[in-house]
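These notes concern the structure reproduced below.
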Amino acid sequence: MRPQSSKGTRDFDLIQVSRRNYVIELLRKAFQTFSFNPLETPSFENIETLMGKYGDEGDRLIFKILRSGDFMKSVSDKSNPKIKEIADKALRYDLTVPLARYVSQNSGKLSFPYKRYQIQPVWRADRPQKGRYREFLQCDADVVGSDSLWQEVEMIDLYSFAFQSLGISIEININNRKILAGIAEICGIENRLIEFTVVLDKIEKIGEEGVISELTEKGFSLKEITKLKPAFRSFENLNESIAFLKDWLNKSEQGCRGIEELEFVIKRVKDSGILKLNVSLARGLNYYTGCIFEVNALNVDIGSVGGGGRYDNLTAMFGLENISGVGISFGLDRIMLCLEDLNLLPDDIIQFCDVVIVRVDESSSDNGYKIAQELRAIGVSVDYYPDIVKIKKQFDYAEKRGASHVIIFESENDQDQIRVKNLMTGESYHMNRKELLIYFQELKN
RNA sequence: GUGGUUGUAGCUCAGUUGGUUAGAGCGCCUGAUUGUGGUUCAGGAGGUCGUGGGUUCGAGACCCAUCUUCCACCCCA
C-alpha cells in the first residue's frame with residue numbers, strides 16, 4: 001500500500017501549522033474585539049439539514065456519509081438507489097447553514113442579536129485547483145437577529161481591523177442585492193435576476209464582451225442587454241457612482257432602497273477609502289438579500305480573500321421566521337498565499353524546541369534527565385536525546401529540530417561543569433546546575 | 001461534472017526515434033579530516049520508473065483504464 005493523501009487534502013508541518021495558527025489567532029482576536037463569541041458545530045449534519053440549501057450544484061458537491069449497517073437491504077432499486085436510502089449524514093459544506101440550524105434549534109436560549117464566530121474545516125467534493133481544496137478552513141463571523149445597517153458597518157470595520165493586524169492592504173468591493181434587483185426591474189428581467197447576476201459577476205474576468213456574449217447565449221435579447229449596459233460601467237469615485245445609480249434606478253423602489261442602504265454604510269465606516277462600489281459584484285450564493293462585500297488584497301494577484309453579505313430568512317427553512325443576519329468570511333488559504341507572497345509572515349512564530357540534551361555515554365543519563373525535568377518545570381522546551389550515538393549525529397539532530405541550545409554531558413563531566421552550547425552564536429559555556437537554570441530562566445524572559 | 005496536464009531514489013529533476021546492469025545534484029549512512037555538529041575527502045545504501053492491464057522479441061518511453069498533481073471551464077471559498 002502506497003502512502004498517498006486523499007485528493008484535495010493537505011498535511012501541515014510544524015512551519016505551516018505555526019503560520020496558520022498565527023493568522024488564526026489574529027483573526028480570533030479581531031472577532032473577539034468586535035464581541036463575537038466562538039461556536040463550534042459537528043463536522044457532519046443530518047443529510048436533510050444540508051441538502052437543497054446550496055442549489056443543485058451544491059448538492060452534488062456535498063460529501064455524503066453512508067448509512068451504517070446493512071442498509072442495502074431496504075433499498076428498493078439496488079442498481080440506482082436514492083441518496084437518502086444509502087446516506088443519512090453529510091459533512092458540512094459551509095458554516096452558515098450549520099449556524100442557521102443552531103440558531104433555529106436554540107432560539108429559545110439565545111439572546112439576539114446573536115454574534116458568533118466559527119473557525120472550522122468544511123468539505124466539498126469539488127475538483128481541486130489552485131487555492132481550492134476539498135477540505136479547507138473557513139473563518140466566519142455572523143450576526144443574526146438584527147435588521148440594523150449598523151451591523152454592515154461593523155462588519156466592514158471588522159474587515160479593516162483584521163487585515164490591518166495582518167499587515168495586508170485591502171480594498172472592499174461593496175454592492176447591494178437590492179440594487180441588482182432594481183437593475184433587473186428597470187430592464188424588465190426581474191424573473192431572471194440570478195441568471196443575470198451570475199454572468200455579470202464575471203465581468204472582471206471575461207470583460208464586457210464576454211458578459212454580452214454569455215448573456216446572448218443564455219437568451220437575453222439585444223434590447224435587454226443594451227438596457228443593462230450601464231451596469232458594466234465602473235467608477236473610481238464613490239459619490240460619482242452613487243449619483244449615477246440614483247439617476248439610473250430612480251424608477252425602482254427597490255433599487256433606491258439599495259442605494260440608501262449603501263449610503264448609510266459608506267458614510268459610517270472607519271476607512272471608507274478602501275470601499276469601492278462595484279455594481280457587477282453579485283457573489284454566488286443567492287441567499288444574500290442586502291449589502292454584499294468582497295475583499296481583495298492589494299499589491300498581490302491572489303483573488304478575493306474574503307466576502308460576505310446580508311441574508312434574510314436563512315433560518316426560515318428550519319422554521320424560524322423573520323431572522324435577518326449579516327455574515328462575513330475570511331479565506332484562510334488565500335490569506336496564507338497572500339502573506340507568503342508579500343513576505344509578511346514573521347519568522348519568530350515557529351515554535352521550535354529550545355534545547356536538546358545530548359550525552360556521550362550512559363554514565364550521565366540520570367543527571368541529564370534530571371536537568372530535563374528541571375528545565376521543563378520552568379517552561380523550557382526540552383528534548384532529551386534518547387540514544388547513545390555519535391555526538392555529531394546528536395548535534396545534527398538538534399540543529400534540525402531548530403533548537404537554540406544543546407546541553408552536553410560528557411563522561412568526565414561532574415555536576416558543576418555542565419556544558420551549554422548556543423547553536424545560534426556558537427558560544428559554549430560551562431556552568432553548574434543552578435547557573436544553568438538561571439541562564440534558561442533569563443532566556444525565557 | 002467537461003477539457004487539458006503531471007507522476008522516474010527522501011527532495012529537485014535528467015533519461016535522445018521503444019534496445020544491454022535507469023542517472024545527476026542535494027539529502028541519508030559509513031570511515032577519515034577539521035581540537036568536541038556545521039569544512040573537505042573517500043566509500044556506501046536506496047528506485048517492481050504512480051498502479052493495473054495491453055501492444056512488442058524487447059516498454060520508464062507506445063495504447064487503454066485507474067489514482068494523483070496542476071490548469072482552464074462549471075461552480076464557488
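Order of the sequence lines fixes the chain letters, A, B, ..., with proteins taken first and strands second; residue numbering starts at 1 for each chain.
Checked against B:C75, B:C29, B:A77, the side chain of A:Lys393 finds its nearest nucleotide in B:C29. For A:Asp126, taking side-chain heavy atoms from C-beta onward, the closest of the listed nucleotides B:G37, B:A77, B:U36 is B:A77. Nearest nucleotide to the side chain of A:Arg132, out of B:G31, B:A77, B:G27: B:A77. For A:Val198, counting side-chain heavy atoms from C-beta on, the closest listed nucleotide (B:G37, B:C75, B:G27) is B:C75. Of the candidate nucleotides B:U69, B:C75, B:C28, B:U69 has the atom lying nearest to any side-chain atom of A:Lys7. Relative to the side chain of A:Arg60, the nucleotides B:G27, B:C74, B:G37 differ in distance, and B:C74 lies closest. Each of B:U68, B:G38, B:C74 was ranked by its minimum atom distance to the side chain of A:Glu57; first place goes to B:C74.
Evaluation of atom-type donor-acceptor distances gives a pair under 3.5 Å for the side chain of A:Lys421 against the base of B:G37. Judged by distance alone with a 3.5 Å cut-off, no donor-acceptor contact links the side chain of A:Arg127 to the base of B:U69.
Side-chain contact annotation: A:Thr41 with A:Gln118, donor-acceptor N/O pair under 3.5 Å present. Donor-acceptor pairing under 3.5 Å is lacking for the side chains of A:Ser404 and A:Asp354. A donor-acceptor contact closer than 3.5 angstrom links the side chains of A:Ser428 and A:Arg419. Side-chain contact, A:Tyr311 with A:Asp142: a donor N or O sits under 3.5 Å from an acceptor N or O. Using modelled atom types and a 3.5 Å distance limit, the side chains of A:Tyr397 and A:Asp383 yield a donor-acceptor pair.
Taking CG of A:Asn21 as the reference point, atom CD of A:Glu25 lies at 7.0 Å (rounded to 0.5 Å).
Spacing between B:G27 and B:C67 at atom P, rounded to whole Å, works out to 38 Å.
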Exercise for the section: Determine which bases of RNA chain B form Watson-Crick or G-U wobble pairs with both distances under 3.5 Å, and write the result as a 5' to 3' dot-bracket string with | for other-strand partners. Expected result: ((((..(..((((.....[...)))).(((((.......))))).....(((((..]....))))))..))))....

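In this structure, the aromatic ring of A:Phe136 is positioned over the six-membered ring of the base of B:A77, centres within 5.5 Å and planes within 30°.
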